Amino acid sequence: DTGVSQDPRHKITKRGQNVTFRCDPISEHNRLYWYRQTLGQGPEFLTYFQNEAQLEKSRLLSDRFSAERPKGSFSTLEIQRTEQGDSAMYLCASSLGLAAGELFFGEGSRLTVL
Amino acid sequence: DQQVKQNSPSLSVQEGRISILNCDYTNSMFDYFLWYKKYPAEGPTFLISISSIKDKNEDGRFTVFLNKSAKHLSLHIVPSQPGDSAVYFCAASAHTGNQFYFGTGTSLTVIP
């Protein structure tokens with residue numbers, strides 16, 4: 001399977017715990033995006049990387065959210081001290097090129113905070 | 001601030017008929033538009049795109065129309081099939097920008 005893969009697909013955690021999601025993009029894609037989607041809404045942009053550089057992170061929802069892409073390949077999204085409002089689907093997407101282009105999405109990681 | 005709007009949350013169409021899904025945007029800098037289809041518990045799947053240099057793009061049963069002066073685009077599916085039942089999102093970006101803005105989606109049901 002050469003598509004975007006995300007792990008885990010579903011995470012249930014207690015409020016206050018930290019969670020980390022991993023995304024493996026399509027191998028030749030240099031751009032990687034994180035989006036969040038809540039019920040009844042469209043995907044909401046969080047951050048993106050071009051290769052290993054995080055070029056936009058102002059949309060991360062709070063300082064509890066952080067993302068890395070250390071070698072320009074896979075990426076992780078960490079949420080510290082989770083809150084119930086963090087419950088959502090976290091989507092990763094990748095694309096090829098220097099400008100915004102067609103995004104290929106993974107199947108998402110669903111977070112449930114109890 | 002919702003820069004991309006899909007004002008119809010749901011649409012039902014008979015199999016074989018045309019489905020028309022609409023999308024409006026507010027940012028005049030947007031010049032690249034995508035449509036995605038999403039099944040429950042899956043990530044969005046790319047359907048078709050259009051850039052602002054065109055006013056129509058066709059791919060099989062799917063056609064996207066862009067009206068730049070009205071800041072409006074539409075996705076036509078003809079003929080509609082039951083397997084087309086899903087949520088459809090439109091997304092927009094500026095070529096100078098770094099992200100896509102998504103609408104809230106339209107849930108299409110194709111009735112056999």
Side-chain angles (χ1 to χ4, degrees), chain A residues 1 3-10 21 23-26 29-51 53-60 88-112, chain B residues 1-10 21-27 29-53 57 59 62 64 73 75 86-107:
Chain A
D1 188 344
V4 178
S5 63
Q6 293 188 243
D7 183 69
R9 293 289 311 278
H10 195 178
F21 300 112
C23 172
D24 288 90
I26 294 171
H29 284 186
N30 57 333
R31 287 188 159 214
L32 186 148
Y33 299 78
W34 284 100
Y35 279 79
R36 184 179 85 149
Q37 185 174 20
T38 54
L39 195 63
Q41 300 297 313
E44 175 189 11
F45 173 79
L46 295 179
T47 187
Y48 100 100
F49 295 84
Q50 182 146 316
N51 301 310
Q54 189 174 14
L55 297 186
E56 175 60 68
K57 58 181 179 180
S58 64
R59 298 300 184 103
L60 284 169
M89 175 75 83
Y90 291 86
L91 294 164
C92 176
S94 67
S95 70
L96 182 63
L98 296 176
E102 175 193 328
L103 301 180
F104 292 82
F105 281 90
E107 295 191 327
S109 293
R110 178 164 295 284
L111 174 64
T112 302
Chain B
D1 178 24
Q2 194 73 27
Q3 299 192 52
V4 178
K5 299 177 184 177
Q6 293 176 258
N7 292 319
S8 297
S10 63
L21 297 98
N22 294 303
C23 179
D24 297 291
Y25 60 97
T26 58
N27 190 336
M29 297 297 291
F30 288 156
D31 56 6
Y32 188 55
F33 305 89
L34 306 175
W35 281 94
Y36 281 85
K37 173 180 179 180
K38 186 179 184 304
Y39 293 117
E42 294 185 11
T45 303
F46 170 75
L47 269 179
I48 193 168
S49 65
I50 189 167
S51 74
S52 60
I53 61 172
N57 189 26
D59 183 2
F62 302 92
V64 57
L73 63 157
L75 174 69
V87 178
Y88 290 78
F89 292 97
C90 67
S93 176
H95 76 277
T96 56
N98 297 310
Q99 61 168 293
F100 280 93
Y101 294 85
F102 282 79
T104 52
T106 296
S107 178

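Just so we're on the same page: letters track the sequence lines, and every chain starts at 1. The shown structure was predicted, so the numbers you read here are calculated from the model rather than taken from an experiment. Just the heavy atoms: all of them, side chains too, but no hydrogens, waters or symmetry mates, feed the values below.
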- Query: Where on A/Q37 is there a heavy atom nearer than 4.5 Å to chain B: the side chain, the backbone, both, or neither?
  - Reply: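 Side chain of A/Q37 only, per the 4.5 Å heavy-atom cut-off to chain B.
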- At a heavy-atom separation under 4.5 Å, does A/R9 approach chain B through its side chain, its backbone, both, or neither?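 Contact with chain B involves the side chain of A/R9 alone.
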- Query: Can you tell which of B/G105, B/P9, B/P44 has the highest number of heavy-atom pairs within less than 4.5 Å of chain A?
  - Reply: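 That would be B/P44.
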- If you tally heavy-atom pairs under 4.5 Å against chain B, which of A/C92, A/G108, A/P43 wins?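 Sorted descending by pairs with chain B, the first entry is A/P43.
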- Item | By ring-ring contact (aromatic ring centres under 6.0 Å, His included) - contacts of A/F49 (at least two apart) |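 Residues passing ring-ring contact (aromatic ring centres under 6.0 Å, His included) with A/F49: none at all.
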- Task: Name all residues meeting the ring-ring contact (aromatic ring centres under 6.0 Å, His included) criterion together with B/F30; count only those two or more places apart in sequence or in a different chain, and write none if there are none.
- Result: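 ring-ring contact (aromatic ring centres under 6.0 Å, His included) check on B/F30 returns B/Y101.
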- Flag, side chain of A/E44 to backbone of A/T38, donor-acceptor distance under 3.5 Å: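 Pair absent, no side-chain N/O of A/E44 close to backbone of A/T38.
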- Give, for atom CD of A/Q6 and atom CZ of A/F21, the distance between the pair rounded to the nearest 0.5 Å.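 With rounding to 0.5 Å, CD (A/Q6) is 9.0 Å from CZ (A/F21).
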